[in-house]
Amino acid sequence: MSALRPGDITDEMIQAMNAAKRQGLQKDLRALAANIRADAEGRYDSAEPGWRSGVEWALLWIENTASQLTEGRPGAGAGGRDQGVSPE
């Protein structure tokens, strides 16, 4: 097996790798939201006031963040700081 040389990794390869990372993170975020939603079901009635809205806000934020990962907008990638998602 030969070692990689500087010109062996193309921009297309890097873009494909980044897209795969975003898709994997998107899948993980959606799984997290599904787990939170499942754990929260049935707990709303006995919870303190504001708990339900907090859970709903967190779920919406997670879903919005996951959606932005594959929209192709600048700053919408993994670790992007200018996501500006406000579920309110």
Side-chain angles (χ1 to χ4, degrees):
M1 190 179 293
S2 64
L4 287 174
R5 293 179 300 261
D8 290 345
I9 299 174
T10 65
D11 288 341
E12 291 81 18
M13 295 168 94
I14 293 169
Q15 289 172 356
M17 179 187 66
N18 288 335
K21 284 181 186 179
R22 286 190 303 273
Q23 289 172 349
L25 180 56
Q26 184 181 54
K27 181 180 175 183
D28 290 346
L29 286 170
R30 291 205 164 123
L32 173 64
N35 287 339
I36 291 171
R37 188 175 291 112
D39 286 345
E41 285 181 8
R43 296 184 186 189
Y44 287 142
D45 295 336
S46 63
E48 295 179 23
W51 187 85
R52 180 180 184 157
S53 62
V55 169
E56 290 172 357
W57 183 92
L59 291 173
L60 185 56
W61 185 87
I62 291 168
E63 290 293 339
N64 285 341
T65 301
S67 294
Q68 288 180 3
L69 289 171
T70 55
E71 286 181 1
R73 293 192 307 208
R81 296 257 183 227
D82 60 338
Q83 293 178 1
V85 177
S86 176
E88 294 177 352

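Heads up: numbering here begins at 1 and tracks the sequence. Values below: all heavy atoms of this structure, side chains included; hydrogens, waters and symmetry mates excluded.
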In terms of hydrophobic clustering (I, L, V, M, F, W, Y; side-chain heavy atoms under 4.5 Å; direct or indirect links), are M17 and L25 co-clustered? no
Reported CD-to-CG distance for the pair Q23 and D28, which is rounded to 0.5 angstrom: 12.0 Å
If I take atom CD1 from residue I62 and atom CG from residue L59, how far apart are they, to the nearest 0.5 angstrom? 6.0 Å
Can R22 and Q26 be said to form a side chain to side chain contact (heavy atoms under 4.5 Å, CB included), step by step? CA-CA 6 Å; R22 286 190 303 273; Q26 184 181 54; over 6 Å; no
State whether the number of non-hydrogen atoms from other residues, nucleotides or ligands found under 6.0 Å of I9 atom CD1 is greater than 12. no
Hey, what do you get for CD (E63) to CD (Q68), rounding to the nearest 0.5 Å? 12.0 Å
Atom pair CG (N64) and CG (L69), whose distance is rounded to the nearest 0.5 Å: 11.0 Å
